[in-house]
Amino acid sequence: MTVLPPEHRAPYLGPAGAWTRGTALASVALAGISAAGITAAWIGASGRTQMDDVVPFLVLGVVAFAAGGLAGAVWLGGGLRSIRAERVALRRRLLAMDLGRVEAVATADVRVIAPGMTKVHRPDCEYVRGKEVSEVPADAAVPECLVCAA
């Protein structure tokens, strides 16, 4: 069995990854309990012919199946929680930056485009904010941005 070195596990587990070690251990433990419960229910119910004898094992199997669903919920919840935390941290970093504002040009004829763009924009459009742009003549056959044209 090959064990990955810590630098290969780092993107997935730990404080920098999507799941904390506790979340991963909790979901694996719940999945293990689920698998053990379903196996015990299967073995206990096999060979029994009376419904009264099978019902306790059926209940055990349903509870174990629910524990498996809970394991998945814990796993997904841990990932979503860390993604949400990263999104909040990114939003705070972006708000702390001074991105500056593009001054609106008085004439409506002026359109600009940045390298790699396929549509022309007004100088105050959010898509060209902070980019190096060049002016495009008003009669150029380039489609207009739907965000800033409205």
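Numbers here simply count residues along the sequence, with the first being 1. None of these values were measured; they are calculated from a predicted model.
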Donor-acceptor contacts under 3.5 Å from residues 48-61 side chains, at least two apart:
residue : atom : partner : partner atom : Å
R48     : NE   : G44     : O            : 2.7

Closest approach of [X] to [Y] (non-hydrogen atoms, all atoms of both residues):
X    : Y    : value
K119 : E144 : CD-O, 3.8 Å
A71  : A31  : CB-N, 3.6 Å
P115 : E132 : CD-O, 3.4 Å
S34  : A67  : CB-C, 4.1 Å

Nearest 0.5 Å, please: how far is [atom2] in [Y] from [atom1] in [X]?
X    : Y    : atom1 : atom2 : result
R111 : R122 : CZ    : CZ    : 6.5 Å
C125 : I113 : SG    : CD1   : 11.5 Å
L76  : I83  : CG    : CD1   : 9.5 Å

* For T23, all residues meeting side chain to side chain donor-acceptor pair (under 3.5 Å), sequence neighbours excluded -> T20
* Structure fact -> In V128, V120, V136, the residue satisfying side-chain contact (heavy atoms from CB on, under 4.5 Å) with V112 is V128
* To do: Give a yes or no on whether V133 and V142 share a hydrophobic cluster (residues Ile, Leu, Val, Met, Phe, Trp, Tyr; joining criterion: side-chain heavy atoms under 4.5 Å apart).
  => yes
